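Every chain is numbered from 1, with letters handed out A, B, ... down the list of sequences. The structure displayed is predicted, hence computed values, not measured ones.
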Amino acid sequence: MTTMTDPHHQGGFKLSMLIYDSRYRSITIQIVALIGFLTLIGWLINNTGQNLADLGKEPSFGFMTEGAGYDINQRLLDYTSTDTHLRASFLGLLNTLLVAVMGCITATVIGVMVGVARLSHNWIISRLMAFYVEMFRNVPVLLWIVLAMAVMIESMPSPRAFRGEDPAATMSLFDTVAFTNRGVYVPEPLFSNSLGNIHLFGTSSLRFDVSLDLIVFLVVFIGGLLISRMIGKRANATQEKTGVRPTVWHIRLAVVAVPTLTVLWALGFYLGYPELKGFNFAGGTHMRNSLIALWLALSLYTAAFIAEIVRAGILAISKGQTEAASALGLRPRRTMSLVILPQALRVIIPPLISNYLNLTKNSSLAIAVGYMDITGTLGGITMNQTGRELEAILLLMLVYLSISLTISAVMNWYNNSVKLKER
Amino acid sequence: MIAPKLMHADEGQPPSLKSSRPQEPEENARNRAENQEEVIMKKTVFLGALTVAGLAAGASAAATLDDVKARGKLNCGVATGVPGFAAPDANGRWEGFDVSVCRAVAAAVLGDSDAVEFVPTTGKTRFTALSSGEIDMLARNTTWTLSRDVDLKFTFVGVNYYDGQGFMVPKDLGVSSAKELDGATVCIQTGTTTELNLAEFFRANNMSYEPVPIETQAEALQQYNAGACDVYTTDASGLAAARSTFEDPTSSVILPEIISKEPLGPLVRHGDNEWGDIVRWTLNALIAAEEFGITSTNIGELSAAAGDNPEVNRLLGTEGNLGEMLGLDAGWAKAAIMSGGNYGEVFEKNIGENTPIGLARGLNAQWRDGGLIYSPPFR
């Protein structure tokens, strides 16, 4: 027993024990390594600062408040070339978030459908899905983005083709939607009795307008949904108690539809249609080809990964569950939605988080198709016009880090709420 | 590239790293050149920024000349492909108006106009490449502006082409003036002064437009030809170059408005004035050669012995010690001129009226002929 322990030194602690005494040795090594690491970092930082100072470019973030001077085509908020670089970066950030959110939603929907379909007993469907997954997973996403853009540009008609007596192209869907190689023009919702906007943050670079119409609409719509859900719950309770389910679908539909339609009528809702005017279509909402290409490519690419995660999640649920469900008389579709998927979610969520993060980070490839995300504004034009490479890159890293950590936090919270509660 | 630099730190040299680049053994320098060849094409802006951050140890110090001599090659930043200005020919050899400046400098410094490593840069990557030391000089139709000189810390050594920003539109659009472009979709190369001029032009004329930012000229032309943008805007010379590559060059028109002054010229980093002088006077030598009638055909004769014109003698090294002052051989200017001819020859060969680009001399004629091309005296 005593052979493995160190001999006790008479006379207490000696410096040599830091190396020869196994009680202290590991700590000594760790401290030395830490000091070495910090020295290296310190040297890098110091050297950087020194080099930049020698170049006469002391790190400073003052450039963010200078005028940007360039225009941004996709603006979710008002912006002119006289605004600051900060404003331009902010708009870029919103564009990044827009494509990330749109991408995450479509990728999830497509991914779940493909993942389930790949397990189908139908040979053709499962093979087709396998083909899709392998195609997208094994080709770099940048190529898909560029391909999607090239297809958009080359295969769609330009707005010029819509002009003239006998145009080569016409608008689709009862003359409401125009597919062009500059993007898709769709009708936009407008209000003739608009309530106006709320202006947040005054005239600063982060000023933000929120449409009151949208808020009112959302409040009424979500309120309707909540009431409808309460009615549904009460119907469930009645069914539990009496065994007879009262017919409530028309009431549920009415509490959502009637107030929503009333609000829309009161606000004077109408659709603004795109029409050919000058060089381009005017009116309507312009979904730029760069946005569509980026969104499609990112969604389809990430969906291929999500499909595999979903498939793995479903396969992780033992076959006994399916058999038990059919023994209870559940049809295959209900078995999937009521028994398998809820359990599979616990396996699916954690890797899903990392795919959302990947999609968000991959959106920085936007510059390949000229989509003005934050990499295109702050990390592109602003950096180039001001020559502040280090500062711009640091800010950019900070932004992506914050976005990723936020997504992680939200998804972890969701994961905790669905994971197996062990009591 | 990182490893050798970090090793210096271990050898206890960080102070000298900060102030001046330590003398490296020749073998080390050669390795570095090879490494650079490998990474040059793949360098991104980010890597460039990191290079500025951590490793641009000698950026501020002098000795670019020594580096170039040790390497045996000049790293010259050019465009990714603008016909007439900088583009590889069918054999992969870089040719063009800007390329000729690189070749002239390489000839003056190393005596070999082929001792150039051409580094294709985009509008976005060019400045990072130069300030990080990845390239020794930039000859990439770059506009001389105050902020680039003062804030970005570059020295423009001169102007080799006086240009201005123009617009190109398809003929069948029926546009005859840039003032009629309200609402148009405009393709621009991002990261250029073009972008800022464009915003100012449309704002000043109270017109709206839809910018489509593009990385390279090739991508911009793809969109332009597919009709995804109505207008392509860049320097008028660039438009002429682009139009020359079209299947039917007459299908597009260049609008009469020139909305900016774009003096294009080669540039170097701040902090190494000796190197800046070499590039500046190489360019001036080409210009002066045209003025004095020194061409690639008669230069052998003129440089054989001192002639009647003392300035020609000084330029060609048969009199005085101008080369020595620059730290070069006496025959530096002769080598530079022989690499592609004088300024006028270079112009005619690459972008002149007999080439597909078809640019007239215009502002770029010698000052005696009413242009702005003018070299200070060689004295």
Side-chain angles (χ1 to χ4, degrees), chain A residues 39-40 43-48 50-57 63 68-73 80-82 150 152-154 156-161 180-183 277-280 282 286 288-290 367-372 376 379-381 383-390 392-393 396, chain B residues 6 9 14 17-19 45-46 48-50 52-57 59-61 123-125 127-128 131-132 147-148 151-153 170 172-173 181-185 187 190-192 195-196 198-200 202-203 209-215 219 222-223 226-231 269-271:
Chain A
T39 315
L40 188 68
W43 174 75
L44 265 181
I45 293 177
N46 183 30
N47 200 27
T48 305
Q50 183 72 41
N51 282 329
L52 286 173
D54 287 352
L55 278 173
K57 288 166 71 167
F63 69 96
Y70 60 91
D71 281 298
I72 298 177
N73 50 10
T80 65
S81 55
T82 49
M152 294 269 315
I153 290 175
E154 300 294 345
M156 305 265 200
S158 78
R160 260 173 260 165
T180 75
N181 61 0
R182 294 177 192 175
K277 211 175 194 178
F279 293 95
N280 287 314
H286 180 192
R288 278 172 187 75
N289 50 9
S290 51
I367 192 62
V369 287
Y371 180 75
M372 294 310 278
I381 306 181
M383 179 165 103
N384 198 53
Q385 302 291 11
T386 60
R388 297 284 175 186
E389 294 97 350
L390 187 70
I393 293 286
L396 207 54
Chain B
L6 292 183
L17 263 182
K18 283 176 212 155
S19 51
V45 179
F46 176 63
L50 268 190
V52 172
L55 307 169
S60 64
K124 247 174 80 176
T125 58
F127 296 132
T128 321
S131 64
S132 68
S147 64
R148 283 175 178 174
D151 197 33
L152 299 189
K153 314 287 179 195
D172 57 14
L173 217 52
L181 291 176
D182 193 11
T185 302
C187 277
T190 186
T192 57
E195 214 161 31
L196 307 181
L198 183 71
E200 274 172 21
F202 275 84
R203 200 173 71 226
Y209 71 107
E210 160 109 10
V212 178
I214 311 279
E215 278 279 278
E219 287 169 50
Q222 186 202 0
Q223 298 226 13
C229 42
D230 301 303
V231 189
R269 282 182 295 279
H270 268 190

Original post:
Top residue by heavy-atom pair count (under 4.5 Å) with chain A, among B:T185, B:L152, B:T190, B:D151?
Top reply: B:T185
Subject >> Heavy-atom contact with chain A under 4.5 Å, split by part of B:Y209 >> reply: side chain
Original post:
Can you say whether A:M372 sits under 4.5 Å from chain B via the side chain, the backbone, both, or neither, judging by heavy atoms?
Top reply: side chain
**OP:** Give, as side chain, backbone, both or neither, the part of B:L198 having an atom under 4.5 angstrom from any heavy atom of chain A.
**Re:** neither
**OP:** Could you tell me which portion of B:E219 (side chain, backbone, both or neither) has an atom closer than 4.5 angstrom to a non-hydrogen atom of chain A?
**Re:** side chain
Subject >> Reported CZ-to-CD1 distance for the pair A:R388 and A:I393, which is rounded to 0.5 angstrom >> reply: 14.0 Å
Original post:
Do you know which of A:L396, A:N289, A:I45, A:T82 has the most heavy-atom pairs under 4.5 Å to chain B?
Top reply: A:T82
**OP:** Examine whether an atom of B:I214 lies under 4.5 Å from a heavy atom of chain A, and if so say whether it belongs to the side chain, the backbone or both; otherwise answer neither.
**Re:** neither
Subject >> Residue part contacting chain A, namely of B:S147, when any heavy atom lies under 4.5 Å >> reply: neither
Subject >> Side chain / backbone / both / neither for A:P159 at chain B, heavy atoms under 4.5 Å >> reply: side chain
Original post:
Between CZ of B:R148 and NZ of B:K153, what distance do you get to the nearest 0.5 Å?
Top reply: 15.5 Å
Original post:
CD/B:Q223 to CD/A:E154 distance, rounded to the nearest 0.5 angstrom?
Top reply: 9.0 Å
**OP:** Taking only Lys NZ, Arg NE, NH1 and NH2, and the carboxylate oxygens of Asp or Glu, determine whether B:D182 and A:K277 approach each other closer than 4.0 Å.
**Re:** no
**OP:** Check whether A:A161 gets within reach of chain B through its side chain, its backbone, both or neither, counting any heavy atom under 4.5 Å.
**Re:** neither
**OP:** Mind checking the CH2-OG1 spacing from A:W43 to A:T48? Nearest 0.5 Å is all I need.
**Re:** 8.5 Å
Original post:
Roughly how far, to the nearest 0.5 Å, is CD1 of A:I72 from OG of A:S81?
Top reply: 10.0 Å
**OP:** Determine the option with the most heavy-atom pairs under 4.5 angstrom with chain B, choosing from A:I367, A:T386, A:I381.
**Re:** A:I381
Original post:
Relative to chain B, which segment of A:A68 carries a heavy atom at a distance below 4.5 Å: side chain, backbone, both, or neither?
Top reply: backbone
Original post:
From A:T180 OG1 over to A:N280 CG, what is the distance, rounded to the nearest 0.5 angstrom?
Top reply: 7.5 Å
Original post:
Just checking, any donor-acceptor pair under 3.5 angstrom between side chains of A:R182 and A:S158?
Top reply: no
